[in-house]
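Below you'll find the structure, written out as C-alpha cells, and then a few comments.
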Amino acid sequence: MIDKIVQDMADAMAGIKDGSTVLVGGFGAVGQPNALIDGLIHQGATDLTVACNNAGVGHVGLARLMELGRVRKIICSFPRSSDPVVFETLYRAGKIELEIVPQGTLAERMRAAGAGVPAFFTATGVGTKMGMGKELREFDGRTYVMERALPGDVALVEAWEADRWGNLTFKESGRNFNPVIAMAGKLTIVQTQHIRELGEINPDHVVTPGIFVDRVLHVPYGDPTGF
Amino acid sequence: MIDKIVQDMADAMAGIKDGSTVLVGGFGAVGQPNALIDGLIHQGATDLTVACNNAGVGHVGLARLMELGRVRKIICSFPRSSDPVVFETLYRAGKIELEIVPQGTLAERMRAAGAGVPAFFTATGVGTKMGMGKELREFDGRTYVMERALPGDVALVEAWEADRWGNLTFKESGRNFNPVIAMAGKLTIVQTQHIRELGEINPDHVVTPGIFVDRVLHVPYGDPTGF
Amino acid sequence: MPDTAVADIKPLNRAQMAARVARDIPEGWYVNLGIGIPTAVADHVPLEREVIFHSENGVLGMGPAPPKDQIDPWLINAGKQYVTLRNGGSFCHHADSFSMIRGGHLDLCVLGAFQVAESGDIANWATSENDTAPAVGGAMDLAAGAKRLWVLMEHTTKDGTSKLVHRCSYPLTAVGAVKRVYTNLAVIDVTERGFVVLDMAPGLTFEALQARTDAKLHRGDQ
Amino acid sequence: MPDTAVADIKPLNRAQMAARVARDIPEGWYVNLGIGIPTAVADHVPLEREVIFHSENGVLGMGPAPPKDQIDPWLINAGKQYVTLRNGGSFCHHADSFSMIRGGHLDLCVLGAFQVAESGDIANWATSENDTAPAVGGAMDLAAGAKRLWVLMEHTTKDGTSKLVHRCSYPLTAVGAVKRVYTNLAVIDVTERGFVVLDMAPGLTFEALQARTDAKLHRGDQ
C-alpha cells in the first residue's frame with residue numbers, strides 16, 4: 001500500500017542535506033508551510049539556497065533560518081516586507097547572497113524545472129538589470145531573454161487537503177507557488193490542513209497529483225492569521 | 001454585463017478568416033468540439049492550418065473539412081486512426097502539408113504560446129527526424145532541441161460546464177488539449193455541455209478561467225459515443 | 001516663466017486620479033492594478049460595469065475589500081491586503097497566473113512609477129543602482145506582458161522634479177512599454193512622437209504643464 | 001549453428017511476456033504503458049500492489065478495463081480504449097500530463113519497438129524514411145522523459161529478423177534511452193558494454209539466443 005503520510009516532523013525532514021536548494025511555497029502569509037520551515041530549522045541542514053517569493057518577516061520562519069546563518073543564498077522576487085530586518089541586516093553585511101528574479105520568471109523557471117524544460121525565452125526583464133549578462137534573442141521582431149530552469153532538491157508545500165497517494169488541493173489564494181514548486185522539487189514535502197481518504201478528493205478537482213509529492217504531514221493549524 | 005454566451009453557430013464562427021491557424025481540442029472522440037468543427041465547415045473559411053492531436057476519422061468533422069480542400073496544412077502527433085482514408089489520400093496526393101510533432105512537444109508549444117514563451121528547449125526528439133534542422137544546445141551535459149511556440153488565430157474547445165464570463169470545467173479525460181489550446185488561441189470558441197450561473201462553478205474548481213475564452217455556445221450533445 | 005496661473009491650478013488628489021483612470025476602463029477588460037495608488041482604481045469602477053481584476057497571486061475576479069468582520073484570511077491580493085472574490089472569479093497557481101500576464105491576456109495593467117520616459121520606458125522598482133534589497137515583484141512581468149501599460153503617478157516628486165523624462169535615470173522596469181500616463185496634472189499618451197497631452201487638470205495651461213515637465217510635450221489636438 | 005535444441009525452446013506468449021514485465025514493477029512506481037503488448041502489463045499487476053498507471057491524455061491512476069455495461073464514455077486511455085480510474089486517480093490537461101513525462105516524474109515507461117540497438121537507441125514509430133503518414137504520438141516524449149525505458153517486443157520479426165541490433169536501421173524514437181528489453185525469448189539489460197542477458201525462456205541456451213540476435217550479447221553472470 002502506498003502511504004506518503006508521515007507521522008512526525010523528523011520523518012518529514014529526514015535526509016535533507018547541507019547545500020540543498022529548498023523551494024518554499026506561499027505568498028505573504030497565505031499558503032506558507034510554516035510548520036515545515038520550523039521543522040527545517042530543527043533538522044539542522046545548512047548552507048542552503050532558498051527560493052521563495054519573499055525573504056521572511058520578523059524573526060520567525062524563513063527569517064529565523066537566515067538569522068541562524070543557515071541560508072547561503074536567497075532567490076526571490078520581493079525581499080521587502082513589513083519587517084525585513086533579518087534579511088536586510090545580513091544582506092548589508094554581505095552575509096547572504098541575493099538573486100532577485102521577476103515574480104513571473106521565478107514561477108516559470110520552477111515550472112520549467114518540473115516540466116523538463118532546461119531553458120526558455122521570455123520578454124520579462126529585457127533591457128533591464130534582470131536581462132544583463134543573459135543571452136538575448138529576437139523572435140518575430142521582439143527581443144527575449146533566455147532564462148534557466150530552477151529545480152529544487154527539496155520543495156516545502158502547504159496544502160488544504162491531501163490523501164495517502166499525495167494528491168493535493170489548495171484553498172483560494174493559498175494555492176500560489178505551491179503546485180509549481182511541488183513539480184520542481186526532487187523531494188516534495190507537504191504539510192496539509194486536512195487528510196482525506198483515497199478517492200475522497202474528486203479526481204477532476206485534484207490540483208497537484210500525487211506523482212509530484214513524496215511526503216505528507218498533517219498540520220491542521222487553522223488559518224494564516226493564526227501565526 | 002459581460003456575456004460571452006452566443007446564441008447560435010453563426011455568431012460563434014463570425015470572423016474566422018481564410019488562412020487562419022485553428023487549434024482543435026480533443027483526444028480520440030473525447031473532448032472533441034464536433035459541433036464547432038461542423039460550424040467551421042459551414043462557415044467557409046479556407047486555406048486553414050489545423051493543429052490537433054489527430055487528423056480526422058472517416059468522412060466527418062476534421063476529415064470532412066480536409067476532404068473539402070479547406071486545410072492547407074495539418075500539425076499533429078498521430079495522423080493514423082481507425083479510418084484515416086481522407087488524410088492519407090490527400091497526403092499521398094501531395095494535397096496537404098503535414099507537420100508531425102511529438103505529442104508532448106505539441107502540447108508544450110501551445111502552452112508556451114499562451115504563456116508568452118516564444119521558444120523553449122526539450123529533450124524530446126533529439127537525435128531523431130524531429131530534431132533535424134533545429135537548433136541543438138547542451139545544458140548540464142544533456143542535449144536539447146529548441147522548439148517554437150504554436151499560437152492559434154482560433155481555438156475550438158469542448159467543455160463540460162461554462163458560465164457567461166467564460167469559466168470552464170472539463171469532464172475526466174475530456175480535458176486533454178482543451179485548456180491548453182484555450183490559452184493559445186487569439187479567438188477561443190467553446191462548445192459546452194452545460195451552462196452555469198455566474199458563481200455556480202466553485203472558484204477552486206475552475207480549470208480554464210474566462211480570461212482565455214471569447215465565445216461560448218451551448219451544445220448539450222450528450223457523450224462522445226453519441227457522434 | 002509662462003507659469004502665470006499657479007494659484008488657479010487644481011491638481012487632482014489621489015482619489016480623483018484613481019477615478020480618472022477608472023473612467024477610461026471599459027466593461028469586459030481584464031485588468032491588473034499595481035500596489036499603491038493604482039489599487040484604488042478598482043474603487044471607482046462601479047460593480048455593474050464588469051471589469052475583471054487580476055492579482056499576481058492567482059486571483060482573477062477580485063471584488064472590493066471585505067468589512068472587517070467578514071475577512072477571509074485565505075484571500076489576499078498581491079499587496080497582501082484582504083480582498084473578496086466576485087461571482088465568476090477563480091483561483092489558479094502562480095505559473096498559470098503569470099501566463100495570463102506574460103502571455104498577453106491582460107487588457108490593461110496600471111502601475112505606479114518613479115519615472116516614465118518619452119520612449120515609453122518605465123522605472124518603478126528601484127531608485128538607485130545600489131538599492132539595499134531591491135524588490136521587483138511582478139512589475140517587470142506586468143510591464144512587458146500586458147496588452148496596455150498605463151502609469152498612474154504624481155507628475156513630479158515632492159521637491160518638484162519631473163517624473164516624465166527624456167530618458168530614465170533610475171533602473172528600468174521595461175523598455176518602451178508605457179502607453180499612457182495619468183498624473184495629478186494631466187493625461188498623456190506615449191506615442192511615436194513622444195508625450196502627447198490628452199487632458200489637463202482644471203486651470204492648467206499647456207505651457208504651465210510643460211514648465212513642470214522635463215520631457216518635451218506635444219499638444220493632443222495637433 | 002549451435003542451435004541444437006529448437007524443439008525444446010518454449011518462447012513466452014504475449015500474456016507471459018506481459019506478466020514477466022509486471023513481475024519487475026515494484027509498488028509505488030508511476031508507470032506509462034505504450035500501445036500494444038505493453039498495455040497488457042497492467043493486467044498482471046495485482047491491485048493490492050499499488051502501481052500507478054499514467055496515460056498521456058491526462059489520466060493518472062488508471063484501473064482495469066470496465067465491464068461492457070459499465071463503460072464511462074469520458075474515460076479513455078492513450079490507445080483510445082475505455083478504462084477505469086482507481087481511487088486516488090486524477091485528471092489533468094495535456095501540458096500537465098506531459099510535464100509528468102518530460103519532467104522525469106515517471107519511474108518507468110514500457111514501449112513496444114521495431115528495433116533496439118545495443119547503445120539503447122530505440123526505433124518504434126516508423127518503419128521507413130518515407131512512411132505514409134508517420135505517427136509518432138507520445139513515444140518520443142516517453143522515451144526521452146521517463147526515468148527508465150523498458151522495451152517489450154518479440155525477439156524477431158515474423159520472418160526471423162532480429163529486432164535487437166547493432167545499430168537501428170529504422171528512424172529513431174530516442175537515442176540511448178532503453179534500459180532493458182523484454183522479449184519472448186529473454187530479458188536483456190542495456191549496459192555500457194551492450195546487451196547483457198539476465199534471463200532466458202525455458203530451454204534456451206545463450207548460444208541459441210545469440211543465434212537469433214544480430215547484436216552481440218553478453219552473459220549476465222560475467
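Just the heavy atoms: all of them, side chains too, but no hydrogens, waters or symmetry mates, feed the values below. The sequence lines fix the lettering, A, B, ..., with proteins before strands; numbering per chain opens at 1.
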- Query: How long is the span from the CE atom in Met146(B) to the CE atom in Met146(A), to the nearest 0.5 Å?
  - Reply: 10.5 Å
- Turns out that what part of Arg175(B) lies under 4.5 Å from chain A's heavy atoms comes down to side chain
- Near Met1(A) CE, under 6.0 Å, is it more than 12 heavy atoms from other residues, nucleotides or ligands? yes
- Message: Please identify, among Lys171(A), Glu147(A), Arg111(A), the residue contributing the most non-hydrogen atom pairs under 4.5 Å to chain B.
- Response: Arg111(A)
- Message: Check this for me: Glu138(A), atom CD, are more than 12 non-hydrogen atoms of other residues, nucleotides or ligands nearer than 6.0 Å?
- Response: yes
- Over 12 non-hydrogen atoms of neighbours within 6.0 angstrom of NZ in Lys134(A): yes
- Message: Looking only at heavy atoms and a cut-off of under 4.5 Å, which of Tyr144(B), Phe120(B), Phe170(B) has the most pairs with chain A?
- Response: Tyr144(B)
- Query: Taking side chain as C-beta onward, heavy atoms only, is Glu172(B) less than 4.5 Å from Asp204(A)?
  - Reply: yes
- Message: Is the ring pair Phe121(B)/Phe121(A) parallel, tilted or perpendicular, if the boundaries are 30 and 60 degrees?
- Response: tilted
- Query: Taking atom CZ of Arg148(B) and atom CG of Asp140(A), what is their separation to the nearest 0.5 Å?
  - Reply: 5.0 Å
